[in-house]
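Report on one structure; see the data block that follows.
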Amino acid sequence: SQKIEQNSEALNIQEGKTATLTCNYTNYSPAYLQWYRQDPGRGPVFLLLIRENEKEKRKERLKVTFDTTLKQSLFHITASQPADSATYLCALLTSSASKIIFGSGTRLSIRP
Amino acid sequence: DAGVIQSPRHEVTEMGQEVTLRCKPISGHNSLFWYRQTMMRGLELLIYFNNNVPIDDSGMPEDRFSAKMPNASFSTLKIQPSEPRDSAVYFCASSLGLAELNEQFFGPGTRLTVL
């Protein structure tokens, strides 16, 4: 069956370090992958999109990689700050955008 | 723009009652999505519309759930009759279209509790 897995445990990182979150998928061939941030009591907020033919995408302190061979995407936050503390969700989209599947999310905490 | 607007923000009802959740997408957005989020199952896509037409409702859990989009600025998700296992946060999201480059903008959600 199709499955998406993100770091099941919460991630605790020291401020200033790089946080790396993982999104693995099986039995699925996504054409696009998105990353969202969700704060408690709020809806997810879009951060980045990466296509299957792109290996890396950057936006300010954020970097996303997409390895279709490993069936994995990595999400990096460099120079992490306490304000980066939130739950991060990955979402896979098929080429026709007919299917959108979200991972369960990884809770990230940045300690001062 | 005020963003995606959902109402009510909180709903507490008793088992067996009808529940109607409402959503106003961002003006100019052609696609609308309804999601349900729980601790156990995460964020699940229930149904989505494009140009007011339902495209995929395969995520709707059962016949007790129905959704409509009578016009470009309004959508409802109805549960009848409601059950305790329907308790969750329901999100509405909209995007410019279904094209992959279009990010989804989520509303604040409706927290539903069915007693």
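Chain identifiers are assigned alphabetically (A, B, ...) following the order of the sequence lines, protein sequences preceding nucleic acid strands; residue numbering begins at 1 within each chain.
- Taking chain B as the reference chain and counting heavy-atom pairs below 4.5 Å, the highest number among A:Ala91, A:Pro44, A:Gly43 is found for A:Pro44.
- Other residues, nucleotides and ligands contribute only 12 or fewer heavy atoms inside 6.0 Å of the NZ atom of B:Lys68.
- Rounded to the nearest 0.5 angstrom, A:Ser104 OG and B:Met39 CE are separated by 10.0 Å.
- Looking only at side-chain heavy atoms (C-beta outward), B:Phe33 and A:Ile100 come within less than 4.5 Å of each other.
- Both the backbone and the side chain of B:Leu43 come within contact range of chain A, each with at least one heavy atom under 4.5 Å from a heavy atom of that chain.
- Summarising the local packing, CG of B:Asn71 is surrounded by more than 12 heavy atoms from other residues, nucleotides or ligands at distances under 6.0 Å.
- A:Glu54 CD: more than 12 foreign heavy atoms inside a 6.0 Å radius.
- In this structure, the portion of B:Gln37 lying under 4.5 Å from any heavy atom of chain A is its side chain and not its backbone.
- Atom CZ of B:Arg111 is surrounded by 12 or fewer heavy atoms from other residues, nucleotides or ligands within 6.0 Å.
- The 12-atom threshold is exceeded at CD of B:Glu62, counting heavy atoms of other residues, nucleotides or ligands nearer than 6.0 Å.
- At a 4.5 Å heavy-atom cutoff, the contact between B:Arg9 and chain A is made by side-chain atoms alone.
- Residues B:Phe49 and B:Phe105 are members of separate hydrophobic clusters, defined by side-chain heavy-atom contacts under 4.5 angstrom among Ile, Leu, Val, Met, Phe, Trp and Tyr.
- With a 6.0 Å radius and a threshold of 12 heavy atoms from other residues, nucleotides or ligands, A:Arg111 has its CZ atom above the threshold.
- Side-chain contact between A:Phe46 and B:Phe106: absent, with no pair of heavy atoms (C-beta onward) separated by less than 4.5 Å.
- Taking the side chain as every heavy atom from C-beta outward, A:Gln38 and B:Phe91 approach each other to under 4.5 Å.
- Of all non-hydrogen atoms in B:Gln104 and A:Gln34, the two that sit nearest each other are NE2-OE1, 4.2 Å.
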